[in-house]
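Data first, discussion second: the structure below is written as structure tokens.
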Amino acid sequence: MDKNKNRNKGDFMQEDSQVIKVRREKLKKIEEMGVNPYPNDFKPLDRAKYIKEKYGPLTSEELEKVKVEFSLAGRLMAKREMGKLIFAHLQDATDKIQLLVAKGEVDAENFKFFKKMIDIGDIIGVKGRIIKTKTGEITILVKEFKLLTKSLRPLPEKYHGLRDTELRYRMRYLDLIMNERVRELFRTRTRIVQYIRNYFISEGFLEVETPMMHPIAGGATARPFITYHNALEMNLYLRIAPELYLKRLIVGGFERVFEINRNFRNEGVSTRHNPEFTMLEFYEAYATYEDLIKRTEELFYGLCMEIKGKPTLEYQGHTIDFTPPWKRIDFMKSLIEIAGVPEEVLYDREKLFNFAREKGIELNQKDPRIGKWWTKLFEELIEPKLIQPTFVVGFPIEVSPLARRNEANPEIADRFELYIAGKEVANAFSELNDPRDQRQRFEEQIKLREVDDEIPPEIDEDFLRALEYGMPPCAGEGIGIDRVVMLFTDSPSIREVILFPHLRRKEDL
RNA sequence: GGGCCGGUAACUCAGUCGGUAGAGUAUCGGCCUUUUAAGCCGAGAGUCGCAGGUUCGAGUCCUGCCCGGCCCA
């Protein structure tokens, strides 16, 4: 269906606004004056933040003695003309700083050029000494300036900035220009990823890159994106998880590996889901899921101290405390004690189905796995209540096809999921390394494709072969990086922490 | 997929009961040597998301569609 069928040509042919026309005319005039509007021969030696930090505390008299000439470059964010003075603000990657262009400090011709030809939004380079204004603001008294890039579009309103969520996501560059909070958020994202990367490197893990395109989309249950390789004449799937490849590397003998990269799942977009999202997965030979509980506590505690300088953070009105040890609850017990499912109902399909229906939860009647039903009830009734960091253990084996069986109780897996602020943040288990059991589980799974079309359609025989060579006992974990960033930046939506979230195409933008 | 809310100048937003489309910012012209959401005087700027319908008359009411947000599945 052509969703654009009702659109007429006007949607695609937006007339330039009056402001843009004026800018284009200025650009032409600038070139006619013999000035290059896009030169690249200015090297800024200073940065706004550094100047403000170093010279901010000095008095005007002390600044008089600073004979150094400073050079800065950045985007002009404000311009206030006052007769023979022009105040302006220049924004570089570090901060904003005030400029003073004064007749007398620059010659009359240049003053006029700045007044008439330099607009808010232009990138300029300036040289000058620093002064303090009457109100005590550190200011560059401009001796020389140079237009470095002419801007042809007006910036959004200076006071409110760019508010419209749709425009902020579609034109993230404008959002970043206008909103310091957004710039800070993405710096924090990078700091989080770098901390995690350094943590694993320092623990002796090898960072690796495994394929993004898989012949079989395994390692999770989710609908994949499909693509086609012309030369190989085959379908490929964008990966839904790197798990099966990272385990091959454990077979290969690396013992400790991790990967931080994108996964792709062909599902709806919402405040919780983006079709591509960033996942950390790590695998550790000779470790168990119990070891990973300790590692996870250590990782988050250290991360919180690094980012927040204390072991707690504020998320949507909740104070989250990462001081170990964290709470642990049993999956089945939580269904009985927190969700209030009577024990005799839990194991009776008919009673359970009706119980769920009363709670407004529709279970997939065709799915024979009662464990899948329990998981659904857990997601609905328990997940939102797990605010403080909580490890949930004792997951049914039916919903853990890659996890090791518990030796005392073969119906449950040696697995945990970590919940924080009502969201699943991590999933980990002692890995199944018995190739016979793994084959059996895959075969059972495949039979269920009729009732669950997210199950991979094909058994990854090469993965099984790798297991037959022998994978050392190990444990592995996946952590959703976007959700971690949401927590640390108090963001209610995943789209706030992704630079370019996916939106429907809009031709006339 | 369903419910609710929104889309008006480049941006942020008003727009009453259906009766000529508004403000601020930005832009343009003028004044101003310490401003900082500068100020003052003046000017220009609109496919009211799109397409139909009702009406003498629609930004406003009705229908369908597009885009976004929030909630639910």
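- Between A/Trp374 and A/Tyr347, the gap from one ring centroid to the other is short of 6.0 Å.
- The residue A/Leu503 sits close only to the backbone: its heavy atoms come under 4.0 Å of sugar-phosphate atoms, none of a base.
- Here the separation of B/G29 from B/U47, taken at their P atoms, is 24 Å to the nearest Å.
- Here the two rings, on A/Phe145 and A/Phe114, have centers that are under 6.0 Å apart.
- Residue-environment remark: NZ (A/Lys28) stays at or below the threshold of 12 foreign heavy atoms within 6.0 Å.
- Distance, A/Arg153 CZ to B/U25 P: 23 Å, rounded to whole Å.
- Base engagement by A/Gln98 is indicated by at least one non-hydrogen atom pair under 4.0 Å involving a base atom.
- Comparing the P positions of B/A9 and B/C71 gives an interatomic distance of 27 Å, to the nearest angstrom.
- Comparing B/C28, B/U34, B/C11 by their closest approach to the side chain of A/Lys26 singles out B/C28.
- Figure legend: cation-pi geometry between A/Arg415 and A/Phe395, with NZ or CZ positioned under 6.0 Å from the six-membered ring centre and within 45° of its axis.
- The C1' atoms of B/C65 and B/G42 are separated by 44 Å, rounded to the nearest whole Å.
- Nucleotide B/A73 holds its C1' atom 12 Å from the CD atom of A/Glu379, rounded to whole Å.
- Rounded to whole Å, the C1' atom of B/C67 lies 42 Å from the corresponding atom of B/C40.
- In this structure, A/Thr271 reaches the B/C71 phosphate: one of its side-chain N or O atoms is under 4.0 Å from OP1 or OP2.
- Look at A/Lys79 and you won't find any side-chain N or O under 4.0 angstrom from OP1 or OP2 of B/U27.
- Rounded to whole Å, atom P of B/C13 lies 7 Å from atom NE2 of A/His160.
- Nucleotide B/C70 is matched to B/G3 when pairs are restricted to Watson-Crick or G-U wobble geometry with both distances under 3.5 angstrom.
- For the P atoms, the distance linking B/G57 with B/G68 amounts to 35 Å, nearest Å.
- Straight-line distance between the C1' atoms of B/G44 and B/G22: roughly 15 Å, to the nearest whole Å.
- Ranking B/C28, B/A26, B/G68 by closeness to the A/Asp119 side chain, first place goes to B/C28.
- For A/Pro154, counting side-chain heavy atoms from C-beta on, the closest listed nucleotide (B/C11, B/A10, B/U35) is B/A10.
- For the C1' atom pair drawn from B/C56 and B/C41, the interatomic distance equals 43 Å after rounding to whole Å.
- Within the structure, every side-chain polar atom (N or O) of A/Arg163 is placed at least 4.0 Å from both OP1 and OP2 of B/C11.
- Both A/Thr133 and A/Tyr169 lie close to RNA chain B; mapped to their nearest nucleotides by heavy-atom distance, the more 5′-ward contact belongs to A/Thr133.
- Of the candidates B/C32, B/G69, B/U27, B/U27 carries the atom nearest the A/Ile120 side chain, counting heavy atoms from C-beta on.
- Rounded to whole Å, the separation between the C1' atoms of B/A37 and B/C5 comes to 30 Å.
- A/Tyr419 has its ring centre less than 6.0 Å from the ring centre of A/Phe378.
- With a cut-off of 3.5 Å on both pairing distances, the Watson-Crick or G-U wobble partner of B/C13 is B/G22.
- The side chain of A/Lys116 sits closest to B/G29 out of B/U12, B/C67, B/G29.
- When each of B/C67, B/U35, B/U33 is scored by its nearest atom to the side-chain atoms of A/Arg170, the top-ranked nucleotide is B/C67.
- For A/Arg168 and B/A10, the CZ to P distance is 21 Å, given to the nearest whole Å.
- There is no side-chain donor-acceptor pair under 3.5 Å between A/Gln388 and A/His318.
- A/Leu162 comes within 4.0 angstrom of sugar-phosphate atoms only, judged by non-hydrogen atoms across all strands, and of no base.
- The side chain of A/Arg495 sits closest to B/G68 out of B/C28, B/G68, B/U33.
- Residue A/Glu380 has its side chain nearest to B/A73 when only B/U34, B/A73, B/A26 are considered.
- The minimum heavy-atom distance linking A/Cys304 with A/Phe488 is given by the pair CA-CE2, 3.5 Å.
- Sequence order on RNA chain B of the closest nucleotides to A/Arg23 and A/Asp164 puts A/Asp164 first from the 5' end.
- Comparing B/A37, B/G24, B/U27 by their nearest atom to the side chain of A/Tyr159 picks out B/A37.
- The residue A/Lys132 sits apart from the nucleic acid: no heavy atom pair falls under 4.0 Å.
- Computed from coordinates, the A/Lys84 NZ to B/U34 C1' distance equals 15 Å when rounded to whole Å.
- Between the CZ atom of A/Arg272 and the P atom of B/C70 there is a distance of 10 Å, given to the nearest Å.
- Side chains of A/Arg495 and A/Asn274: no donor on one and acceptor on the other come within 3.5 Å.
- Here B/A26 presents its P atom at 12 Å from CE of A/Met77, a figure rounded to the nearest Å.
- Residue-level contact check: A/Gly161 touches the backbone only, with heavy atoms under 4.0 Å from sugar-phosphate atoms and none from bases.
- In this structure, A/Glu166 places its CD atom 14 Å from P of B/C66, rounding to the nearest Å.
- Remark: B/U54 base-pairs with no nucleotide in the shown strands. Criterion, Watson-Crick or G-U wobble with two distances under 3.5 Å.
- If you check B/C67, B/C11, B/U34 against the side chain of A/Leu85, the one that comes closest is B/U34.
- Here B/G39 sits opposite B/C31 as a Watson-Crick or G-U wobble pair (both hydrogen-bonding atom distances under 3.5 Å).
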